[in-house]
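In what follows, a single structure is set out as structure tokens and then discussed.
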Amino acid sequence: MKRKLLIRDVTLRDGQQSLFATRMTQAQVDSVLPHYRDAGFYAMEVWGGAVPDSVMRYLNEDPWQRLETIKAAIGDASKLTALSRGRNLFGYNPYPEEVIEGFNRNAVKSGISIMRIFDALNDTNNIRSTIKYVKENGGIADCTVCYTVDPKFSRKERIMGMLSGKTLPRHIFTEQYFLKKAKELEAMGADMITLKDMAGLVTPEYSARIISALKQELNIPVDFHTHCTPGYGLASTLTAIVNGVDIVDTAIWNFSEGPAAPAFELIQIFCDKLGIDTGINLKAVAAINKELLQIRKELKSFDNYVLPTEFDITNYSLPARIDNFFEQAILFAQSGKFEALLDTCQAIERYFNFPEPNENVKSAEIPGGMYTNMLAQLKQLKLEKLLPRVLEIIPSVRVDAGCPPLVTPTSQIVGAQAVNCAIDESKSQPFYTNKSIQFVNLVKGGYGKTPLPVSPEFRLKIAGVEEETPYDTSNYEKQPNPSFPEYGENVKLASNEKEELLLELFPTVAGKYLHDKVTGHYEAIKLKQLEEEQRKINEEKQKYDAMSETERMDRLKEGLEDYYG
């Protein structure tokens, strides 16, 4: 009996977010849904992440309507997946329980089967309540262990640290660390565990080691998620498959690779050669990919990459050399020859014209988004020359802050603070002269427990307190929901619970979106009323113009009699 491998397609959320700034319109999404219904993916990631914010901010569309429309089209053909940050949902600070409960209840009710839950610190306590609310409402709790790497220090930096009395940490994020987190989540009630490598930094060797450990120790399915930014993605996904992973995340050809997930079609070829059944309707995938090519052309203003070579998974013939690469890659993955595996997989990707590995990200060992955000921050200040120094500072800033994983939002917090420190240094000021409120909250303990404890002395210096101080949700103030008396007695900015949740989660963006929605609706009604009144006036005028003189005089006489009684 063939081994089965489940595929979670991430094209409509992670794929478009990674490659095209989450700009797919509802109409573009709708165009591929009939084919997705036929494709038979185990799951489709379609919501969460940047989708709710972006569809309001840039497309003036309703996030809940997007989810419900996709659910109506897909039905039960695939499980719909969303991504959230546990207690933080889509923001930085933790939300009170009623907001977390309301969001997850409505997400499941609107069509989400699997809620993928992560925490930027891998603090499992921040995931606990979401597991509870998802499962209470009939959803599947997909609990995430975020992959990250140890801070990168040179030998000289380590020696200098020891001389100054500060031993720089090493061997923090080992396979035992990830396994421990996964087992904690399983004990909390997780239905599956995802090793989520949002930066694409997991190497084939580490993929093999961690997936093997998870499969040996857990009693629930294991999913593997990575990106191809620094060039490891395809090879690391293959090693995950060889080492028994239950589910892998892929994107369809024209929305894959580069900063996105590995291409489904390449994984399918490997599975064919391994005798693994994915259960996917390949004709439907080819139809989706054809639509995606057109959509990608429509999104060209957000596209920074060249198109891959055209490819049809239902009808292809590979040159002997390339076909041999697939065979060799499998043998290298099975025998643990990871360098040869990586070279072979990258040769396959080059043949199909997928983006080359991002060497800056690979060398710095930081997420691509973190790198580009720091560069943008420096460019805005005309200080691009400081970037090399910023990259040198990041490991120290990270250790000072308790060595958080470099995952959104902690990657952005650490990156922005490293920029601040480099600017401080350029002005002959001590590090942390300027610090962001997010960095202060991170060090204070507001986002949860960091992998390493923050020193009380540093916490006092940065946050003004020595003791770890969790965020107090009792001080949370609900977002105002103003009325529009000009439109009616009970007309409010948010008209139902789902809109109230948008206000809580995205106050600025949702506030504008909902304001425009309300005013647009009632102004359209007012315009329709004015048009109706004008139509009646025009009809009366036409009737009057068609009257004889005698009829007009009679009408005038009737009017005078009515007026004077």
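Please read these numbers as outputs of a predicted model, since none were measured by experiment. No hydrogens, no waters, no symmetry mates; every other heavy atom, side chains included, goes into these values.
Contact between Ala50 and Arg13 at its shortest, heavy atoms only, is N-NH1, 4.4 Å. Nearest heavy-atom pair across Glu497 and Gly102 is OE2-CA, 4.1 Å. Of all heavy-atom pairs spanning Leu493 and Glu499, the tightest one is O-OE1, 3.9 Å.
Leu5 places a side-chain heavy atom less than 4.5 Å from the side chain of Val245. Side-chain contact check for Leu185 versus Ile117: every heavy-atom pair is 4.5 Å or farther apart. Ile220 has its side chain within reach of Ile193: a pair of non-hydrogen atoms, C-beta onward, lies under 4.5 Å apart. Within the 4.5 Å cutoff, the side chain of Arg85 has heavy atoms near those of the Pro409 side chain. Inter-residue side-chain proximity for Pro367 and Met198 is flagged as unmet; no heavy-atom pair is nearer than 4.5 Å.
Ring geometry for Trp47 against Phe103 counts as parallel: the plane angle stays under 30°, on a 0 to 90° scale with 60° as the upper cut. Relative orientation of the Phe20 and Phe255 rings is perpendicular, given thresholds of 30° and 60° on the angle between their planes. Between His227 and His225, the angle of the ring planes goes over 60°, which puts this pair in the perpendicular group of the 30/60° scheme.
When each of Ile252, Val29, Val46 is tested with Tyr36 by the rule side chain to side chain contact (heavy atoms under 4.5 Å, CB included), just one qualifies, namely Ile252.
Between Asp123 and Lys449 there is no salt bridge, since no side-chain N of the basic residue sits under 4.0 Å from a carboxylate O of the acidic one. Checked for salt-bridge contact, Asp223 and Lys196 miss the test: no charged N lies under 4.0 Å from a carboxylate O. Classification of Arg116 and Asp14 as a salt-bridged pair fails, no side-chain N sitting under 4.0 Å from a carboxylate O. Look at Asp191 and Lys135 and you find a salt bridge, because one of the NZ, NE, NH1 or NH2 atoms lies within 4.0 Å of a carboxylate O, short of that distance.
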Could you go through residues 65-74 and list every donor-acceptor pair under 3.5 Å that involves a side-chain atom there, pairing it with any protein atom two or more places apart or in another chain?
{"unit_1": "Arg66", "atom_1": "NH1", "unit_2": "Met24", "atom_2": "O", "d": "3.1"}
{"unit_1": "Arg66", "atom_1": "NH2", "unit_2": "Met24", "atom_2": "O", "d": "2.7"}
{"unit_1": "Arg66", "atom_1": "NH2", "unit_2": "Glu61", "atom_2": "OE1", "d": "2.9"}
{"unit_1": "Glu68", "atom_1": "OE2", "unit_2": "Ser110", "atom_2": "OG", "d": "2.9"}
{"unit_1": "Glu68", "atom_1": "OE2", "unit_2": "Lys498", "atom_2": "NZ", "d": "2.5"}
{"unit_1": "Thr69", "atom_1": "OG1", "unit_2": "Gln65", "atom_2": "O", "d": "2.7"}
{"unit_1": "Lys71", "atom_1": "NZ", "unit_2": "Gly75", "atom_2": "O", "d": "3.0"}
{"unit_1": "Lys71", "atom_1": "NZ", "unit_2": "Asp76", "atom_2": "OD1", "d": "3.4"}

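More than 12 heavy atoms of other shown residues, nucleotides or ligands fall within 6.0 angstrom of atom NZ in Lys435. The number of heavy-atom neighbours closer than 6.0 Å to NZ of Lys290, taken from other residues, nucleotides and ligands shown, is 12 or below. For Glu489, the CD atom counts as loosely surrounded, since its 6.0 Å shell holds 12 or fewer non-hydrogen atoms of other residues, nucleotides or ligands. For Lys492, the NZ atom sits in a packed shell: over 12 heavy atoms of surrounding residues, nucleotides or ligands are nearer than 6.0 Å.
There is no side-chain donor-acceptor pair under 3.5 Å between Arg105 and Asn137.
Side-chain N or O atoms of Asp119 include none that pairs as donor or acceptor with a backbone N or O of Gly86 at under 3.5 Å. Here the side chain of Gln417 pairs a donor or acceptor atom with the backbone of Asn434 at under 3.5 angstrom.
Taking Glu365 as the reference, nothing meets the salt bridge (charged side-chain N to carboxylate O under 4.0 Å, His left out) condition, with sequence neighbours excluded.
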request  = Would you please test Tyr513 and Phe506 for ring pair (Phe, Tyr, Trp, His ring centres under 6.0 Å) and show each step?
outcome  = CA-CA 10 Å; Tyr513 166 73; Phe506 313 97; over 10 Å; no
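To the nearest 0.5 Å, atoms CD (Glu504) and CD (Gln479) are separated by 5.5 Å.
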